[in-house]
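Worksheet: the structure to be examined is printed underneath.
Below, chains carry the letters A, B, ... as their sequence lines are ordered, and counting in each starts from 1. Because the structure is a prediction, the values reported are computed rather than measured.
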There are 2 protein chains.
Amino acid sequence: MSRLNYHHLYYFWQVAKGGNLTETAQRLHISQSALSSQIKQLEQSMQVQLFNRQGRKLVLTDSGYQTLKYAEDIFSRGAELEQLLQQGMQPQRSPIRIGALATMSRNFIESFIAPLLATADSRYSLLSMNQTALLNALAGHQLDLALSNIAVQGNDSQLWQCRLLARQPVAVIGPPGTAQTDNLAEYQQRRWVLPPVQSPIRTAFDALAAQYQLQPDVVAEADDMAMLRLLARDSGALTVMPEVVVKDELQSGRLVKYLTLPQVYENFYIITTQRDLLHPQLTQLLQAFSPAGG
Amino acid sequence: MSRLNYHHLYYFWQVAKGGNLTETAQRLHISQSALSSQIKQLEQSMQVQLFNRQGRKLVLTDSGYQTLKYAEDIFSRGAELEQLLQQGMQPQRSPIRIGALATMSRNFIESFIAPLLATADSRYSLLSMNQTALLNALAGHQLDLALSNIAVQGNDSQLWQCRLLARQPVAVIGPPGTAQTDNLAEYQQRRWVLPPVQSPIRTAFDALAAQYQLQPDVVAEADDMAMLRLLARDSGALTVMPEVVVKDELQSGRLVKYLTLPQVYENFYIITTQRDLLHPQLTQLLQAFSPAGG
DNA sequence: AATAATCGTTCACATAAAGAGAACTATGAG
DNA sequence: CTCATAGTTCTCTTTATGTGAACGATTATT
């Protein structure tokens, strides 16, 4: 039992799609006999029956159907590659394409790509999208890498590789000039701007709030970190978010950290396809970020 | 410029992964010279430089990197197929695997697979999951087909095929014995159970409610149709949902339709991978459902 | 700086695989 | 029954793949 012969598989694919040997042979400009024997060889080497010879018709077996699906996958990828190669493939160095969840902190993303900015000759393109679009784009090679704060659960046949890039402690942040304390309960009179109920941060916050018997007066919710940042800056309300989101405002004193929530973290993940080969320049990016570090 | 040679591509893949010709040649049990010439042939036939010969090292070019990614994709799929074929591939007819969005109406799903139930010898397995998992499973061949009420937007390079299978008018449904009218405003005093704010149905309902100056008293929200159905049945509140969800209850008179919302539809989509080959038995299922019909 | 070891390329030649074409078999339409 | 059609099987030719030795060029060693 030898290795899978892609040449044979190609012919099988062509025939299975058409369902007809003679026609396919004409289309491919080879003789039927060649096609016939190649497919037979595939069946023999793989020890599987791909077609049922019903009368003078070729009918896909169940195994044949399964195989066809894989072949479809394989050769349409191949066709994409061919097209890419034949249209010349832009000669200048193609940019590194990084996708990021649209709701993530821009500051965090910026800190991630900082090493790329330092390198003079590297080009990259950054795209914001939702989690589903992120995974689609990865699968379709529109992205080299995705950044997200939502993990992808590992399937049986791992399609995605998802690793923890960094975790940020989550803090209560608000305008300066008010008494700061590390006791949540003291913020009963304050107004709050929070991430939405489904989010992990909110869930953690709500649990803590319940524990401290705090009933927060929620004036606004937003899942977008950029939006949260604006609200934190301009609403006068307290917010709950990773510090990195309002890094600049904390530095300038426009906002201050009230307290860091214990045991609550925002996780940042880097997602690639399982068959993971990183763009050479990306390897150094990852090394800059020690796992679970900042 | 001939067609892409998968044999050449395979060797390129192996070498590019290892970065080393000699080692790879030994691993594959062929001579370096063979490897060298095959790769050179690939470069010539595709008219692209895959490696830069720097000193006595082979360094991937940018085009080479792109190509490698496709090759990785192609041959890991191939490896999966090989494994599947070599482990014998379960001889009994493999079941048709249908994935459905966990929040969809079970009645609708049942009506979709009804033709399969009628066929004695067909086996199928039904799996509930979220939209992301659905797409993952499709991409990884764990599913033949997915049912969802969320469309997948078409990317540039179409990965998914998403077609409208059916659309159901959405109705206000509630317990019998109260005056029915087709004027939304008359339901001001009622309690409501509604889909969550992000959902298309809710958005449409809210717009209508605003138009009729109805401020609904929302006692519960749920995105799961099975859950909504239970709430509709047991809460005494009014609900907004496609009729099919509570088909049985409407028939038995336990619930009644108050009014059908104009221009509001719940859409049901069937999602497959773009390189779309349907399981023979699925073709008939689709024909049973005329597009935009019931 | 000289030397040895390593790695990729090139050549002539051997071997294996793909393909052509005729003869053959079986099926289905008229 | 007969003929056209579709797939299989055979022999033979052509093409592609692979080998091993010689070569050139680069890196490491002393």
Side-chain angles (χ1 to χ4, degrees), chain A residues 1-61 63-64 67-68 71 74-75 78 82, chain B residues 1-61 63-65 67-68 71 75 78 82:
Chain A
M1 201 183 301
S2 57
R3 211 175 51 222
L4 176 62
N5 184 324
Y6 286 83
H7 197 203
H8 293 166
L9 188 66
Y10 181 84
Y11 283 159
F12 162 75
W13 174 56
Q14 291 286 346
V15 172
K17 277 201 306 181
N20 179 301
L21 223 163
T22 312
E23 221 170 73
T24 308
Q26 284 169 345
R27 185 157 41 82
L28 298 180
H29 305 294
I30 59 166
S31 62
Q32 311 129 289
S33 63
L35 260 187
S36 179
S37 69
Q38 300 273 316
I39 286 171
K40 167 155 286 198
Q41 280 178 59
L42 178 60
E43 288 185 313
Q44 280 174 349
S45 76
M46 291 289 115
Q47 307 211 43
V48 69
Q49 182 135 352
L50 297 171
F51 288 111
N52 274 325
R53 277 71 174 174
Q54 285 178 10
R56 57 180 177 184
K57 282 206 156 53
L58 293 176
V59 188
L60 268 183
T61 63
S63 301
T67 305
L68 177 53
I74 288 169
F75 294 113
E82 243 174 301
Chain B
M1 202 182 300
S2 58
R3 212 176 50 223
L4 177 61
N5 184 324
Y6 287 83
H7 197 205
H8 293 167
L9 188 67
Y10 181 85
Y11 283 158
F12 162 75
W13 175 55
Q14 292 286 346
V15 172
K17 277 201 307 181
N20 181 299
L21 223 164
T22 313
E23 221 171 71
T24 308
Q26 284 170 346
R27 186 157 41 81
L28 297 180
H29 305 294
I30 60 166
S31 62
Q32 312 129 288
S33 63
L35 260 188
S36 180
S37 70
Q38 300 272 327
I39 286 172
K40 167 155 287 200
Q41 280 179 59
L42 178 60
E43 289 185 316
Q44 280 173 350
S45 77
M46 290 290 114
Q47 308 211 42
V48 68
Q49 183 136 351
L50 298 170
F51 288 112
N52 274 326
R53 277 72 174 174
Q54 286 177 8
R56 56 179 181 188
K57 281 205 157 54
L58 293 176
V59 189
L60 268 184
T61 62
S63 301
Y65 169 70
T67 305
L68 177 52
F75 294 114
E82 245 174 299

Would you please name every residue forming a side chain to side chain contact (heavy atoms under 4.5 Å, CB included) with A:A16, sequence neighbours left out?
A:F12, A:F51, A:L60, A:L68
Qualifying residues under side-chain hydrogen bond (donor to acceptor under 3.5 Å, both in side chains), relative to [X], sequence neighbours excluded:
{"X": "B:T24", "answer": "none"}
{"X": "B:S36", "answer": "none"}
{"X": "B:T22", "answer": "none"}
{"X": "A:R56", "answer": "none"}

Which residue pairs pass the salt bridge (charged side-chain N to carboxylate O under 4.0 Å, His left out) test with at least one member in residues 45-54 of chain A, sequence neighbours excluded?
A:E43-A:R53
Going 5' to 3' through nucleotides 13-24 of chain C, assign each nucleotide B (protein heavy atom under 4.0 Å from a base atom), S (under 4.0 Å only from sugar-phosphate atoms) or - (no protein heavy atom that close).
-----SSBBB--
If a protein heavy atom is under 4.0 Å from the base, mark B; if only from the sugar-phosphate, S; if neither, -; do that for nucleotides 25-30 of chain C going 5' to 3'.
--BS--
Partner set under ring-ring contact (aromatic ring centres under 6.0 Å, His included) for A:F75, not counting sequence neighbours
A:Y10, A:W13, B:Y6
Is any side-chain heavy atom of A:L9 closer than 4.5 Å to a side-chain heavy atom of A:T67?
yes
Partners of B:E82 by salt bridge (charged side-chain N to carboxylate O under 4.0 Å, His left out), sequence neighbours excluded?
none
Tell me, please, which residues at least two apart from B:R27 pass salt bridge (charged side-chain N to carboxylate O under 4.0 Å, His left out).
none
DNA chain D: 5'-most and 3'-most nucleotides touching chain A, 4.0 angstrom heavy-atom criterion:
D:dA4 to D:dT9
